[in-house]
Amino acid sequence: MIRLVPDQSAQITRTEKVEFTFDGEAIWGYAGESLAAALIRSRRLHLRDAPEDAGPRGAFCLMGLCQECVVVLEGQPVESCRIELQPGIAVTSLRHGADD
Amino acid sequence: MTDPIDILVVGAGPAGANAALAAARHGKHVVLLDEQEKPGGQVWRAKDSSILSAPQTPEGSAGDALRAEITKAQIDHRGSTQIWQIERQSESWDVHVIRDGEVEKLTSKTLVLATGAREFVQPIPGWTKPGVVGLAGATALFKQNLSPPGQRTIVSGTGPLVFFVASEIRRLGGTVAAVITPNTRRDWVAKLPALVGRLDLALRGALWIADLMVSRVPIYWGCAVVSVEGAERVEGSQIQKLDANWAPKGETWNIDADSLCIGYGLIPSIEAAQLSGIPISHRPDLGGWVPDIGEDGATSIDSLFLCGDGTGIRGAAAAELHGALAGLSAAEYLGAETAKERNILRPRFNRAVRFGLAMTALNIPRPGLAMLTTPDTIVCRCESLTQTRISQEVQVGAASTNAVKSGLRAGMGPCGGKYCQTAIARLIAMHENRPEAEILPPMPRPPLRPVSVASLSGEFNYDDLPIPKPAPL
């Protein structure tokens, strides 16, 4: 296929893959990237349920304004778009039925 | 005690960073605050530490050059810092900030606000589903993480951003299912005179569009995404043709995708300016409500200067120059001689503004776009309030955004009203049959960003409470 904008994804080099858990499930990401980016790549999109109508929500503004990507890390609610992924962290969603 | 701060700059995007650099060149003690870890703002957001090497982009080069300059000039840059309150004292400004959960008060002789913008997304059915991200939001993912938002993405919205986002998704290995834009080719042709003024940017845009065309990615001009399909996450979107007023008309069709980027232009972030006591005006040509400013970022308060997209959406090139002008104005206020320098910068700023405003004009939502929000659509994401619920509140007498906010909590949730207030103001204007310019945004109240009670109260232990001795019987 002809393209004028080349696919450069193969030219990007990243840190080593590290494991972490999301609702107890082991997934991987790159150390130092945002937690939201790692969750989006692994297609863990449903991060919380809206408090009023329990509708599924996930990362939306990706710049620390909307609070939709909040998850629980070490007992604290954190914006996943503003948190750096560290190896071995245990992240919990704010979904009903998820352990928290 | 450290030296008193001469100039405190809030926001390290193109405007704020250049304000800091310009003021520092005149020997002023500058502190530059920003929410992000590294300077650059949203437009020149830095890559995260997981990226070891990657092909350079124009945004990446501009950001890297700016960050190098800030390091070289030894600017006191404090990243990952959010401001939540601004207080004007008789001779200075107190700015309350939070960093790593710790609160601190900074005092400065002058204040330069370069708070940038956020994006407007017209609420549509299903826009709260996981997998829907803002159009500008998606660029944060590209610039910081070099990741696409999904495997197959619909890109929808106005102005040049929709083509930049589509192009970046393709560059980073994703697939664009379709580009959907309310703008028509005729809208773009009308902007040719302004585009000629920035041929470099115009040619880059032309390349993005040409790439989509040769690669057979469908571009639907004069159309909008009218609803998001999928049970628990995005599985596709319904598309519909728009009339000249941007109201949906005719049949709809479905496009399958696992993600959707959607946005209708930028809105100046004016809360900090409002909190500082600056009056605001409604200027659709500048992106909506803007603080009133004079030449070179001066305001009605002589120790306060405003610059960049937070004063009207003029684009990054104009923001750089506007920032430098405001930084120089602040230095001038503190005794420096900057008139000559400003006289040189001002015509360059005015040229950049012409291009920037032509792009902003493509983003101005036409009245019909509001019809994409159906009665059952959630308008306030934080409180899950539908358009019907908000309309009911307006019909029983809530004739202002403040009234809707206190009646329904629309705007009191964790986002602080950043993603609902424009749509709510338009809804009030429609019900009351009044011009949008009469429906003021809500009065911002501190905290401007969420602050935990724990960080305000500090380390607290019940045993530390002084208990007075019981009074003798």
Side-chain angles (χ1 to χ4, degrees), chain A residues 1-18 29-70 76-79 81-82 84-85 93 95, chain B residues 35-36 42 45 48-55 80 82 118-119 128-134 136-138 140-141 144-151 167-168 170-174 207-208 210-212 214-216 232-234 258-259 378 381-385 413-416 418-419 449-450:
Chain A
M1 171 107 53
I2 311 167
R3 49 189 297 167
L4 305 175
V5 173
D7 177 350
Q8 297 182 329
S9 55
Q11 298 172 45
I12 301 166
T13 57
R14 301 177 195 257
T15 49
E16 280 188 26
K17 288 179 186 178
V18 296
Y30 298 104
E33 72 178 341
S34 77
L35 178 55
L39 291 168
I40 287 172
R41 187 184 303 103
S42 66
R43 305 315 287 160
R44 267 59 172 192
L45 302 181
H46 181 174
L47 305 184
R48 51 191 281 271
D49 290 338
E52 295 300 319
D53 66 350
R57 298 292 175 87
F60 174 65
C61 82
L62 296 167
M63 48 181 83
L65 292 176
C66 74
Q67 314 288 318
E68 292 278 32
C69 70
V70 169
Q76 295 294 321
V78 295
E79 295 154 85
C81 73
R82 288 173 58 88
E84 261 190 28
L85 179 62
S93 72
R95 292 162 60 169
Chain B
E35 291 192 332
Q36 294 181 49
Q42 297 300 340
R45 188 179 262 268
D48 65 45
S49 62
S50 76
I51 310 292
L52 300 177
S53 72
S80 309
Q82 296 183 305
R118 58 171 168 270
E119 72 183 315
T128 53
K129 285 190 208 315
V132 178
V133 298
L141 200 58
Q144 184 180 339
N145 310 106
L146 308 191
S147 294
Q151 262 125 46
S167 172
E168 282 295 276
R170 288 171 51 73
R171 189 177 72 82
L172 296 170
L207 178 79
W208 300 332
D211 170 61
L212 296 168
V214 300
S215 303
R216 306 274 167 83
E232 191 222 24
R233 59 172 64 193
V234 177
D258 65 3
S259 42
I378 289 174
R381 300 173 65 105
C382 297
E383 304 287 332
S384 299
L385 292 167
C415 94
K418 290 175 189 71
Y419 286 92
R449 291 287 186 271

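A/S42 contributes a side-chain N or O that, together with a main-chain N or O of A/L39, makes up a donor-acceptor pair within less than 3.5 Å. Of the possible donor and acceptor atoms, none in the side chain of B/R233 sits under 3.5 Å from a partner among the backbone N and O of A/G58.
With chain A as the partner, the residue from B/A210, B/G174, B/A54, B/P414 showing the most heavy-atom pairs under 4.5 Å is B/P414. Between chain A and the options B/G134, B/S384, B/S147, B/G150, the largest number of non-hydrogen pairs under 4.5 Å is found for B/S384. Contact tally against chain A (heavy-atom pairs below 4.5 Å) for B/A138, B/S53, B/S49: the top residue is B/S53. By number of non-hydrogen pairs under 4.5 angstrom with chain A, the leading residue of B/P130, B/G137, B/C415 is B/P130. With chain A as partner, the option from B/E383, B/E119, B/R449 having the largest number of non-hydrogen pairs under 4.5 angstrom is B/E383.
Rounded to the nearest 0.5 Å, atoms CZ (B/R171) and CD1 (A/I12) are 6.5 Å apart. The distance from the CZ atom of A/R14 to the CG atom of B/D48 is 8.0 Å, given to the nearest 0.5 Å. Within the model, atoms CD of A/Q67 and CZ of B/R381 stand 12.0 Å from one another, a figure rounded to the nearest 0.5 Å. Considering CG of B/L146 and CD of A/Q11, their distance stands at 11.5 Å, rounded to 0.5 Å.
For a residue to count as touching a neighbouring chain, one of its non-hydrogen atoms must lie under 4.5 Å from one of that chain's; by this rule A/R57 touches chain B with backbone and side chain alike. Both the backbone and the side chain of A/L65 come within contact range of chain B, judged by heavy atoms closer than 4.5 Å. Looking at A/A31, the atoms closer than 4.5 Å to chain B (heavy atoms on both sides) all sit in the backbone: N, CA, C or O. Interface residue A/R82: only side-chain heavy atoms are found under 4.5 Å from chain B. Using a 4.5 Å cut-off between heavy atoms, B/A136 contacts chain A through both its backbone and its side chain. Within the 4.5 angstrom heavy-atom criterion, atoms from both the backbone and the side chain of B/E35 approach chain A. For B/K418, the part lying under 4.5 angstrom from a heavy atom of chain A is the side chain only. Contacts between B/Q82 and chain A at a heavy-atom distance below 4.5 Å involve the side chain alone, from C-beta outward. Heavy atoms closer than 4.5 Å to chain A are found in the side chain of B/I378, but not in its backbone.
Open room surrounds CD on A/E16; 12 or fewer heavy atoms of other groups in view lie less than 6.0 Å from it.
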